[in-house]
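Report on the structure given below.
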Amino acid sequence: MTTLASDFLNILTSRGYIHQCSDIPGLDALAAKRDVTAYIGFDCTAPSLHVGSLVQIMMLHWLQQTGNQPIVLMGGGTTRVGDPSGRDESRKILSLEDIENNKRGIQNVFAKFLQFGSASPAAAMVDNAEWLTKLNYIEMLRDVGKHFSVNRMLAMDSVKLRLEREHELSFIEFNYMVLQAYDYVELARRYGCNLQMGGSDQWGNIVNGIDLGRRMGTHQLYALTSPLITLSSGAKMGKTASGAVWLNADMRSPYEYWQFWRNTEDADVGRFLKLFTTLPMAEIAKLEALGGAEINEAKKALANAATALLHGKAAAEEAAETARKTFEEGASAAGLPTFNLNLPIGILQAAVAVGFVKSNGEAKRAIANGAIRLNDVQVQDEKAAISESDLNADGVAKLSSGKKKHVLIKRT
RNA sequence: GGGAGAGUGUCCCGAGUGGCAAAGGGGGGGGACUGUAAAUCCCCUGCUUUACGGCUUCGUAGGUUCGAGUCCUACCUCUCCCA
């Protein structure tokens, strides 16, 4: 392993962001001169990004921190087509309004991690709908299509997988890689972009772009991918009981976000500290060295730092304090998710209303399993109700499901 | 266009003989043990204001039958072979 000259690659390497790179020495030389302009594409398939995209966002963050220019590419155009990578079923084709709404929801997150506007290498945000929607089919085929070999396209993982598993791959999806490759060329021409980053599943698409660039006469392009982040237990990261861990605060509160990180498995703490926080490596090494129950301190540090990055320091501290009161003192911390309900209300309805369970039947089962507690007292009777007398001096009652889910109930 | 197969419990895989709320996994939830961890063990995993009750589920729509996931017809979608 040769030593790296650039801060950018040094950081990415030591923190574990790199899975594959088309040309480390070449990219290193560029980054050392702070001449890298890199982009990552984000599909607009949901109204918010989730933690799965965080690695990518952090790569852009470090890129800017080390004096290079990040470009956030919103997939306003490519989302209309749908990326078949890593899926064995066709994506639903989203309506244009949905895509537009999703795009708006996603955009704001980047301001937390990147500096746009007046910063010295300012981050930029562009939407590939800008050029993709204007393409003319015949021209496209002649200028771009001629550089693609179907033989090679068929050999690509995203395609091969579908074919091998005998799942359908529609022509529209088959074209996705062409559009993504073209994006890269377009960004190279417009912004002098010379690096595309992405998750490891994007490798094929990115390399296609490099190839296309060479054939269409752009400057040398580079590819860099991050490893797919999985939990030590093998599960995919970012999914919890109640669905994806969204980054937008209105879809996943700072408190819940903090909890997500707090519940990290022991074996993942060090890795996550490096990937998802900006804590200095020396400090991470210390935290990582903690053993046994002490590793919980490292988890708190992870939760604090990660939440502060996304939601700000104040929100992180508040979440930490709420968690401390709730879990270490068993108190009804004011920062817990709060619901206003009409009292009295049956315990079953209440459990449904706060989102613990999806139906009354499920609530009954939860009670039978001893999962539901009201003000820390296990509910035995499914006909029980929450009434005024259950509220404490501050007018709230604490309802819990299992050991980790707690909410506060107030009178409407 | 011709021929052969497939679509099952609104997360996934997957058994299924005319009596089926439908085997078994995975995933998920809960409990025990712990440290808000992992591993392990146990329980739960269609809806319904009690129910050995009612209702809704096996691609869609009809039909046969006391009774249909299971049989028949048409249609939709996918896969494979031929053209």
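Below, read A as the first sequence line, B as the second, and so on, with proteins coming before strands; counting in each chain starts at 1. Only heavy atoms go into these numbers, but all of them, side chains included; no hydrogens, no water, no symmetry mates.
Nucleotide B/C41: paired with B/G31 (Watson-Crick or G-U wobble, both distances less than 3.5 Å). The partner of B/A6 is B/U77, by the rule that a Watson-Crick or G-U pair needs both atom distances under 3.5 Å.
In this structure, A/Arg365 does not reach the B/G28 phosphate: none of its side-chain N or O atoms is under 4.0 Å from OP1 or OP2. The phosphate of B/U48 (OP1 or OP2) has a side-chain N or O of A/Ser359 nearer than 4.0 angstrom.
For the pair A/Gln349 and A/Ala366, nearest-nucleotide mapping onto RNA chain B gives the more 5' position to A/Ala366. If A/Trp258 and A/Asn369 are placed on RNA chain B by their nearest nucleotide, the residue sitting closer to the 5' end is A/Asn369.
A gap of 27 Å separates the C1' atoms of B/A68 and B/U79, to the nearest Å. Taking atom C1' in both B/U56 and B/A22, the straight-line distance is 14 Å, to the nearest Å. With both ends at atom P, the span from B/A6 to B/A15 equals 11 Å, rounded to whole Å. Taking atom C1' on both nucleotides, B/C55 is separated from B/A21 by 11 Å, rounded to a whole Å. When the C1' atom is used for both B/A51 and B/A32, the distance is 31 Å, rounded to whole Å. Atom name C1', nucleotides B/G7 and B/C13: the rounded distance is 14 Å, in whole Å. Nucleotides B/G19 and B/G69, compared at atom P, are 10 Å apart to the nearest Å.
Here the side chain of A/Asn68 pairs no donor or acceptor atom with the backbone of A/Gln64 at under 3.5 angstrom. The backbone N or O of A/Ala397 sits nowhere less than 3.5 Å from a side-chain atom of A/Asn375 that would complete a donor-acceptor pair.
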Check step by step if side-chain contact (heavy atoms from CB on, under 4.5 Å) holds for A/Arg80 and A/Ile99.
CA-CA 8 Å; A/Arg80 299 187 196 180; A/Ile99 293 174; 3.5 Å; yes

For A/Lys300 and A/Glu297: C-alpha separation, side-chain torsions, deciding distance, then whether salt bridge (charged side-chain N to carboxylate O under 4.0 Å, His left out) applies.
CA-CA 5 Å; A/Lys300 285 181 203 168; A/Glu297 292 311 312; 3.4 Å; yes

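Looking at residues 311-343 of chain A, you'll see A/Ala323, A/Phe327 sit with a heavy atom under 4.0 Å from some atom of RNA chain B. Listed by residue number, A/Ala371 are the residues of residues 370-377 of chain A with a heavy-atom contact under 4.0 Å to RNA chain B.
A side-chain N or O of A/Trp131 and one of A/Asp183 form a donor-acceptor pair less than 3.5 Å apart. When only modelled atom types and interatomic distance are considered, A/Glu256 and A/Ser253 share a side-chain donor-acceptor pair under 3.5 Å. Counting only N and O atoms by type, the side chains of A/Gln196 and A/Gln202 include no donor and acceptor under 3.5 Å apart. Between the side chains of A/Gln20 and A/Ser200, no donor-acceptor pair is found at a separation under 3.5 Å.
Taking the six-membered ring for Trp and the full ring otherwise, A/Phe42 and A/Phe110 have centroids separated by under 6.0 Å.
Among the protein residues, A/Gly346 comes within range of no part of the nucleic acid, since none of its heavy atoms lies under 4.0 Å from any strand. Within 4.0 Å (heavy atoms only), A/Ile295 reaches at least one base atom of the nucleic acid. Contacts of A/Lys299 with the nucleic acid, taken as non-hydrogen atoms under 4.0 Å apart, include base atoms. Nucleic acid contact for A/Arg262: base, since at least one base atom lies under 4.0 Å from a heavy atom of the residue.
Rounded to whole Å, the distance from CG on A/Asn360 to C1' on B/U45 is 16 Å. Rounded to an integer number of Å, the gap from NZ of A/Lys403 to P of B/G29 is 14 Å. In this structure, the CZ atom of A/Phe260 is 19 Å from the P atom of B/U36, given to the nearest Å.
Ring geometry, A/Tyr39 versus A/Tyr184: the interplanar angle exceeds 60°, so the pair is classed perpendicular (tilted spans 30 to 60°).
Under 4.0 Å is where a charged nitrogen must lie from a carboxylate oxygen, and between A/Glu321 and A/Arg324 at least one such pair does.
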Is there any protein nitrogen or oxygen under 3.5 Å from a nitrogen or oxygen in nucleotides 52-57 of chain B, and what are the pairs?
none

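The base of B/U49 has none of its N or O atoms less than 3.5 Å from a complementary donor or acceptor on the side chain of A/Lys364. In this model, a side-chain donor or acceptor of A/Gln259 finds a partner on the base of B/U36 within 3.5 Å.
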